[in-house]
Amino acid sequence: MTSFGVVSRLRKMTGVRRIGHAGTLDPFAEGLLTVCLGRATAAVQFMDGYDKTYRMVMAFGTATDTQDLTGESVEQHVFSEQEVASLQASDFAVIRGEISRLEGDHQQIPPMYSAVKVDGQPLYKQARQGIVVERKPRPITIHRAVLESVGWIDGCLKATLVIKASKGTYLRTIADDLGRRLGFYAHAESLERLQAGPFKLEEAVSLDQLWTWADETGFGSSFLDLLRDKGVLLETGEAFRDFQSILLPADAARRVICGQRQKIPADTIRQWLPDGADGLENEGVRLVARSDTQLIGIVRLLTDDSNQVQIKSERVMIDLEDFQRA
């Protein structure tokens with residue numbers, strides 16, 4: 001099922017039309033998909049930048065046009081008996097060495113079979129017509145790359161990796177590039193998203209379970225109430241668990257909600273920041289604005305020459321009426 005297919009099914013179960021997801025999964029992949037309902041869709045633009053962690057199984061010996069198991073073979077390598085013996089005797093040292101060099105900043109060329117647009121056209125549409133387009137490399141960061149296992153399975157050399165990477169990283173391209181550097185060729189045989197930002201796969205619920213609950217309770221508001229009771233439907237603020245916060249007094253929060261400009265002395269702003277944090281060190285950094293336990297929205301702090309700080313609203317996530325009622 002595609003990520004859009006998940007959203008479509010959730011619309012039917014919840015009766016909520018405004019639903020968005022943060023981070024598309026390739027059709028061959030599985031695992032965690034974070035989904036926002038209703039007003040919470042305002043958070044998607046910020047969640048899209050989450051670092052993500054995956055478990056990927058690489059199969060060596062074949063490179064494909066899609067860089068995964070769904071594509072057609074474009075390059076092959078047949079391992080000789082001598083290569084097999086050498087790899088096993090060294091405990092696959094060359095593979096371990098290449099994986100150990102994955103961590104860090106890189107430039108990655110997006111695959112042709114991707115939703116990246118060049119001249120307004122998604123690459124995958126051109127790839128299906130047999131057209132190869134020149135793509136510019138894009139910066140990515142691999143924060144962690146751990147080799148869980150490597151060996152021969154059913155006559156095929158396979159490696160299982162856990163990789164934490166920045167937004168926009170194509171794991172199947174990592175598999176393809178690594179296979180080419182080794183001279184063995186490779187593709188992603190399976191891919192599972194384990195984590196996106198603060199959310200982990202073990203905290204998630206399967207789509208089949210959601211459908212079962214919807215059948216039992218009925219679709220719509222009763223189903224949403226059940227999700228709240230089970231702790232599956234989270235408050236929007238959970239999307240910003242890892243963001244730095246600023247705690248605004250009620251009057252400042254009200255002005256943010258109303259879109260009013262306000263300038264506050266820098267020393268006062270520092271009192272509103274959590275202990276040990278200083279959002280003024282990196283001007284323009286995004287902060288999650290809260291008032292007591294309420295999520296107000298996302299703001300930026302801009303300092304002028306007079307040591308006054310402008311609180312600039314980037315996205316408000318609460319209505320004034322709801323704020324005043326609480």
Is there a donor-acceptor contact under 3.5 Å linking the side chains of [X] and [Y]?
| X | Y | value |
| --- | --- | --- |
| Q67 | T173 | yes |
| R138 | Q107 | no |
| D51 | S166 | no |

Taking the side chain as C-beta and beyond, is there a heavy-atom pair between [X] and [Y] under 4.5 Å?
| X | Y | value |
| --- | --- | --- |
| L147 | T160 | no |
| T64 | E72 | no |
| L273 | L287 | yes |
| M58 | L161 | yes |
| F79 | W152 | yes |
| R135 | M112 | yes |
| T62 | H187 | yes |
| Q195 | K164 | no |

Looking only at atom types and distance, does a side-chain atom of [X] sit under 3.5 Å from a main-chain N or O of [Y], one as donor and one as acceptor?
| X | Y | value |
| --- | --- | --- |
| T66 | G71 | yes |
| Q262 | A252 | yes |
| D319 | E321 | no |
| D91 | A93 | no |
| T14 | V16 | yes |
| R193 | K52 | no |
| S86 | E83 | no |

Pair D176, R172 - check salt bridge (Lys or Arg N to Asp or Glu O under 4.0 Å), show working. CA-CA 6 Å; D176 184 80; R172 49 195 167 94; over 6 Å; no
Determine the interplanar angle of the F184 and H77 rings, folded into 0 to 90°, and report it as parallel if under 30°, tilted if 30 to 60°, perpendicular if over 60°.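 Ring orientation, 0 to 90° scale: tilted.
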Do you know which two heavy atoms are closest between [X] and [Y], and how far apart they sit?
| X | Y | answer |
| --- | --- | --- |
| S291 | L248 | OG-O, 3.3 Å |
| V150 | R96 | CG1-NH2, 3.8 Å |
| L182 | E98 | CD2-CG, 3.5 Å |
| F60 | G179 | CE2-CA, 4.5 Å |
| P110 | S114 | CB-OG, 4.4 Å |
| G23 | D48 | N-OD1, 4.1 Å |

Atom pair [atom1]/[atom2] of [X] and [Y] - distance to nearest 0.5 Å:
| X | Y | atom1 | atom2 | result |
| --- | --- | --- | --- | --- |
| I142 | R101 | CD1 | CZ | 13.0 Å |
| D322 | Q294 | CG | CD | 8.5 Å |
| I153 | K158 | CD1 | NZ | 5.5 Å |
| W213 | D229 | CH2 | CG | 10.5 Å |
| T169 | I140 | OG1 | CD1 | 4.0 Å |
| L37 | L224 | CG | CG | 6.5 Å |

Would M13 and L207 count as a side-chain contact (heavy atoms from CB on, under 4.5 Å) here? Give the steps. CA-CA 11 Å; M13 286 188 276; L207 197 60; 4.0 Å; yes
Verify same cluster id: [X], [Y] (apolar side-chain graph, 4.5 Å):
| X | Y | result |
| --- | --- | --- |
| I99 | L87 | yes |
| L233 | V35 | yes |
| F323 | V316 | yes |
| L191 | Y170 | no |
| Y113 | I131 | no |

Tested for side chain to side chain contact (heavy atoms under 4.5 Å, CB included) against C36, the lone hit among V7, T41, I19 is T41
Report the C-alpha distance between E103 and R144 in whole Å, list the side-chain angles of each, state the deciding distance to 0.1 Å, and finish with yes or no for salt bridge (Lys or Arg N to Asp or Glu O under 4.0 Å). CA-CA 6 Å; E103 293 182 6; R144 187 175 74 250; over 6 Å; no
Assess whether side-chain contact (heavy atoms from CB on, under 4.5 Å) is satisfied between I174 and Q108, documenting all intermediate values. CA-CA 8 Å; I174 291 175; Q108 186 183 71; 3.7 Å; yes
Hey, is CD on E81 packed in by over 12 heavy atoms from elsewhere, all under 6.0 Å? no
R11: what forms a salt bridge (Lys or Arg N to Asp or Glu O under 4.0 Å) with it, not counting sequence neighbours?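 With sequence neighbours excluded, R11 shows a salt bridge (Lys or Arg N to Asp or Glu O under 4.0 Å) to no residue whatsoever.
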Which hydrophobic side chains are connected to V288, either touching it within the sub-4.5 Å cutoff or through other members that do?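 When side chains under 4.5 Å apart are linked, the cluster holding V288 also contains L32, F46, M47, Y50, V162, L194, F199, L201, L234, F240, F243, L295, I298, M317.
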Less than 4.0 angstrom from a charged side-chain N to a carboxylate O is my criterion; do [X] and [Y] meet it?
| X | Y | result |
| --- | --- | --- |
| D267 | R270 | yes |
| E203 | K200 | no |
| D251 | R254 | no |

Any pair with a residue in residues 233-245 that passes salt bridge (Lys or Arg N to Asp or Glu O under 4.0 Å), sequence neighbours left out, goes on the list, sorted by first then second residue, please. E238-R241
So T303 and I269, side-chain contact (heavy atoms from CB on, under 4.5 Å) or not? Walk me through it. CA-CA 11 Å; T303 308; I269 289 288; over 6 Å; no
Before giving the answer on side chain to side chain donor-acceptor pair (under 3.5 Å), spell out for D208 and S206 the whole-Å C-alpha distance, their side-chain angles and the decisive distance to 0.1 Å. CA-CA 5 Å; D208 287 342; S206 72; 5.4 Å; no
Please assess R228 against D225 for the test salt bridge (Lys or Arg N to Asp or Glu O under 4.0 Å), listing each intermediate value before the final yes or no. CA-CA 5 Å; R228 291 189 184 93; D225 289 340; 3.2 Å; yes
Assess the residue pair M56 and I163 against the criterion (side-chain contact (heavy atoms from CB on, under 4.5 Å)); give the C-alpha distance rounded to whole Å, side-chain angles, the decisive distance to 0.1 Å, and a yes or no. CA-CA 8 Å; M56 175 173 65; I163 295 178; 4.3 Å; yes
